[in-house]
Amino acid sequence: MKTYDLIIVGSGPAGMTASIYAARANLSVLMLDKLAPGGQIVNTNEIQNYTGMGTINGAELAIQMYQHTQELNVEFDYRTVEEVKEENGLKLVCCKEDGAVYAARAVILATGTRPRTLGVENEKKYAGNGISWCAICDGAACRGQDVVVIGGGNSAVEESIYLAEIVKSLTIVTMFDLTADPMACDKLRAMDHVTIYPYQDVLEFYGDKKLQGIHFKSTKDDGTERRLDCDKVFEYIGLTPTTECFQSLGVLNKMGYVEVDEHMATKLPGVFGAGDCITKNLRQVITACADGAIAAQSAAHYIQSTFKR
Ligand SMILES: Cc1cc2nc3c(=O)[nH]c(=O)nc-3n(C[C@H](O)[C@H](O)[C@H](O)COP(=O)(O)OP(=O)(O)OC[C@H]3O[C@@H](n4cnc5c(N)ncnc54)[C@H](O)[C@@H]3O)c2cc1C
């Protein structure tokens, strides 16, 4: 079995940036992802806050990042990582496909997050069939429809602005008030055919074979309940770390995020974390890239000092 200096699990902005820094530090690098490189930005319409880019389509930025890794000959493979473990001072990365196992001197965990779900009545029934978690994937099919977005954070507001251009009516139902960037909130509030219901609890989705609407209740005043007919719902209510495959390493906190210090090092020597899956306050492309750069540099120092290459 070939032993790499570094294996990076996840090829979102964090993993790809880590691979660029690692390749430039002359490490042999393998980057693994169960999907195409790019992570969450592949399904993001416009990114407007990545320094120097102005406004850029997420998929386009993903392609540019991947091309950059390929200019440095970073090895990439499509693999679903199921476990990372230690054996004889090396990290073994175990994958679902063909039971493949790869060995490395160090590993960077950069598997990001996935959308959280509400867990209310009929959510599972209409998942993928009326309820979506991706406006870029499913928004175009909503032309002329009545659409509801659940959530009030940055993702909910950004995706609402995108959807409002397409749909007949857009209703935002959120647990608190809008908490996104004030500029984005102002833009959304000023749009035609947008209605916002803050301080609401979603009770259930209703319909027959097809989703017909959403039932929610005010958490303020008299607890007014509303049943709102709609064609489609998009949920943007937060994120869950995609870190189940790292459970046995013992480097996750109670919420499942990878615990790291300022060098992106976990408590396990040679195991580093980067991007949205680590404990931090701001989960954005630019912070994911910064984490990736730091993690790769720390991994390079670790490999130099531990394996005296
Ligand atoms: C709708 C939406 C809009 C957004 N808009 C913006 C914006 O405008 N500006 C901004 O800066 N940020 C935005 N973000 C946030 C930004 O996308 C993330 O902060 C960033 O993508 C995090 O990068 P990452 O590399 O840490 O993780 P991710 O992008 O999540 O990438 C993780 C990768 O790991 C892979 N992976 C997971 N588990 C495994 C496994 N077991 N085996 C192999 N591979 C695995 C995944 O397939 C994925 O490719 C947005 C996010 C969303 C959801």
Side-chain angles (χ1 to χ4, degrees), residues 7-20 30-51 53-59 61-62 65-66 69 76-84 93-97 100 102 107-116 132-139 149 151 153-163 180-181 183-184 234-247 256-258 260 264 273-293 295:
I7 293 179
I8 299 166
V9 187
S11 68
M16 287 203 278
T17 308
S19 79
I20 289 166
L30 173 65
M31 184 167 64
L32 299 172
D33 203 302
K34 58 185 177 183
L35 300 173
Q40 292 174 64
I41 60 171
V42 170
N43 295 319
T44 300
N45 181 37
E46 282 184 348
I47 293 175
Q48 300 186 323
N49 51 6
Y50 189 67
T51 314
M53 286 294 173
T55 297
I56 185 163
N57 172 266
L61 182 59
M65 286 183 179
Y66 184 64
T69 72
F76 172 79
D77 207 351
Y78 282 98
R79 298 283 173 185
T80 308
V81 172
E82 290 193 316
E83 193 183 6
V84 177
V93 179
C94 311
C95 305
K96 186 174 159 192
E97 296 81 4
Y102 299 95
V107 66
I108 295 178
L109 317 178
T111 44
T113 54
R114 62 175 179 273
R116 199 179 284 159
S132 167
W133 286 264
C134 180
I136 298 305
C137 320
D138 301 323
V149 169
N154 277 318
S155 296
V157 169
E158 281 162 18
E159 300 312 296
S160 293
I161 291 169
Y162 166 71
L163 285 166
D181 286 349
M183 271 173 73
F234 290 88
E235 289 186 13
Y236 289 104
I237 55 161
L239 303 163
T240 302
T242 316
T243 51
E244 293 80 0
C245 55
F246 309 132
Q247 193 71 48
Y257 287 97
V258 180
V260 294
M264 301 296 138
D276 279 13
C277 69
I278 67 166
T279 47
K280 63 177 184 177
N281 289 326
L282 184 62
R283 293 191 168 81
Q284 290 278 280
V285 177
I286 200 149
T287 57
C289 292
D291 297 344

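For the single chain, residues carry numbers from 1 onward in sequence order. Start at 1 and go down the list; that is how both ligands and their atoms are numbered.
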Residues in side-chain hydrogen bond (donor to acceptor under 3.5 Å, both in side chains) contact with Asp138, at least two apart in sequence or another chain: Ser132
Aromatic plane relationship, Tyr236 with Phe234 - under 30° parallel, 30 to 60° tilted, over 60° perpendicular: parallel
Shortest protein heavy-atom distance from atom 37 (C) of ligand 1, along with the residue and atom involved: Thr111 O, 3.3 Å
The atoms of ligand 1 lying under 4.0 Å from a heavy atom of Arg79, numbered in the order shown, are 42 (N), 43 (C)
Could you list the atoms of ligand 1 found under 4.0 angstrom from a heavy atom of Thr44? 2 (C), 3 (C), 4 (C), 5 (N)
Give yes or no for whether the N/O distance cutoff of 3.5 Å, strictly under, is met between Asn49 and ligand 1. yes
Going through the checks in order, is the side chain to side chain contact (heavy atoms under 4.5 Å, CB included) test met by Val157 and Asp181? CA-CA 9 Å; Val157 169; Asp181 286 349; over 6 Å; no
At under 4.0 Å between heavy atoms, what of Pro13 touches ligand 1? The answer is both
Take Thr243 and Tyr257 through the side chain to side chain contact (heavy atoms under 4.5 Å, CB included) test and state the conclusion after the steps. CA-CA 7 Å; Thr243 51; Tyr257 287 97; over 6 Å; no
Atom 27 (O) of ligand 1 - nearest protein heavy atom and its distance: Gly112 CA, 3.4 Å
How many angstroms lie between atom CD1 of Ile136 and atom CD1 of Ile41, to the nearest 0.5 angstrom? 12.0 Å
Need the ligand 1 atom indices (1-based, order shown) with element for anything under 4.0 Å from a heavy-atom of Glu46. 8 (O)
Is there a polar contact, in the sense of an N or O pair closer than 3.5 Å, between Val81 and ligand 1? yes
Element-labelled atoms of ligand 1 that are located less than 4.0 Å from some non-hydrogen atom of Cys245: 41 (N)
Does Ile47 form a side chain to side chain contact (heavy atoms under 4.5 Å, CB included) with Met53? I'd like the steps, not just the answer. CA-CA 8 Å; Ile47 293 175; Met53 286 294 173; over 6 Å; no
Any chance the side chains of Gln40 and Thr113 put a donor and an acceptor closer than 3.5 Å? yes
Pair Lys96 + Glu83: basic N to acidic O under 4.0 Å: no
Does Asp33, backbone or side chain, put an N or O under 3.5 Å from an N or O of ligand 1? yes
Within-4.5 Å side-chain heavy-atom neighbours: Ile161 and Glu46: no
Please indicate whether any nitrogen or oxygen in Thr242 is less than 3.5 Å from any nitrogen or oxygen in ligand 1. no
Please list, chain by chain and in numerical order, all residues satisfying side-chain hydrogen bond (donor to acceptor under 3.5 Å, both in side chains) with Lys280, sequence neighbours excluded. Thr287, Asp291
Please identify which atoms of ligand 1 are closer than 4.0 Å to at least one heavy atom of Thr80. 42 (N)
Between CD1 of Ile286 and OG1 of Thr51, what distance do you get to the nearest 0.5 Å? 3.0 Å
If I take atom CE from residue Met31 and atom OG from residue Ser19, how far apart are they, to the nearest 0.5 angstrom? 4.5 Å
Measuring from the heavy atoms of Met16, does anything fall under 4.0 Å of ligand 1? no
Arg283: numbered ligand 1 atoms lying under 4.0 Å from its heavy atoms: 15 (C), 19 (O)
Any luck finding a side-chain donor-acceptor pair between Gln284 and Asn154 under 3.5 Å? no
Protein contact of atom 52 (C) of ligand 1 - nearest heavy atom, named by residue and atom, plus distance: Ser155 OG, 3.7 Å
Could you find the nearest protein heavy atom to atom 13 (C) of ligand 1 and give me its residue, atom name and distance? Gln284 NE2, 3.7 Å
So is Gly10 polar-close to ligand 1, meaning N/O to N/O under 3.5 Å? no
Applying a 4.0 Å heavy-atom criterion (strictly less than), which segment of Ala110 is in contact with ligand 1: side chain, backbone, both, or neither? backbone
Would you say Glu158 has any N or O atom under 3.5 Å from an N or O of ligand 1, going by distance alone? yes
So, 4.0 Å and heavy atoms of Glu82: is ligand 1 close enough to count as a contact? no
Using the side chain to side chain contact (heavy atoms under 4.5 Å, CB included) rule, take Tyr102 and Leu32 through it: C-alpha gap first, then chi angles, then the decisive distance, then the call. CA-CA 10 Å; Tyr102 299 95; Leu32 299 172; 4.1 Å; yes
What protein heavy atom is closest to atom 29 (O) of ligand 1, reported as residue, atom name and distance in Å? Gln40 N, 2.9 Å
Minimum heavy-atom distance between Arg79 and Ala100, given as atom pair plus value: NH1-CB, 3.8 Å
Report yes if some N/O of Asp276 lies less than 3.5 Å from some N/O of ligand 1; otherwise report no. yes
Using a plain distance cutoff, I'd like to know if Ala14 has any nitrogen or oxygen under 3.5 Å from a nitrogen or oxygen of ligand 1. yes
Is it the case that ligand 1 has an N or O less than 3.5 angstrom from some N or O of Lys34? yes
Relative to the heavy atoms of Thr113, which atoms of ligand 1 are at a distance of less than 4.0 Å? 30 (O)
Under 4.0 Å from any heavy atom of Val285, which atoms of ligand 1 are there? 10 (C), 11 (O), 12 (N), 16 (C), 19 (O)
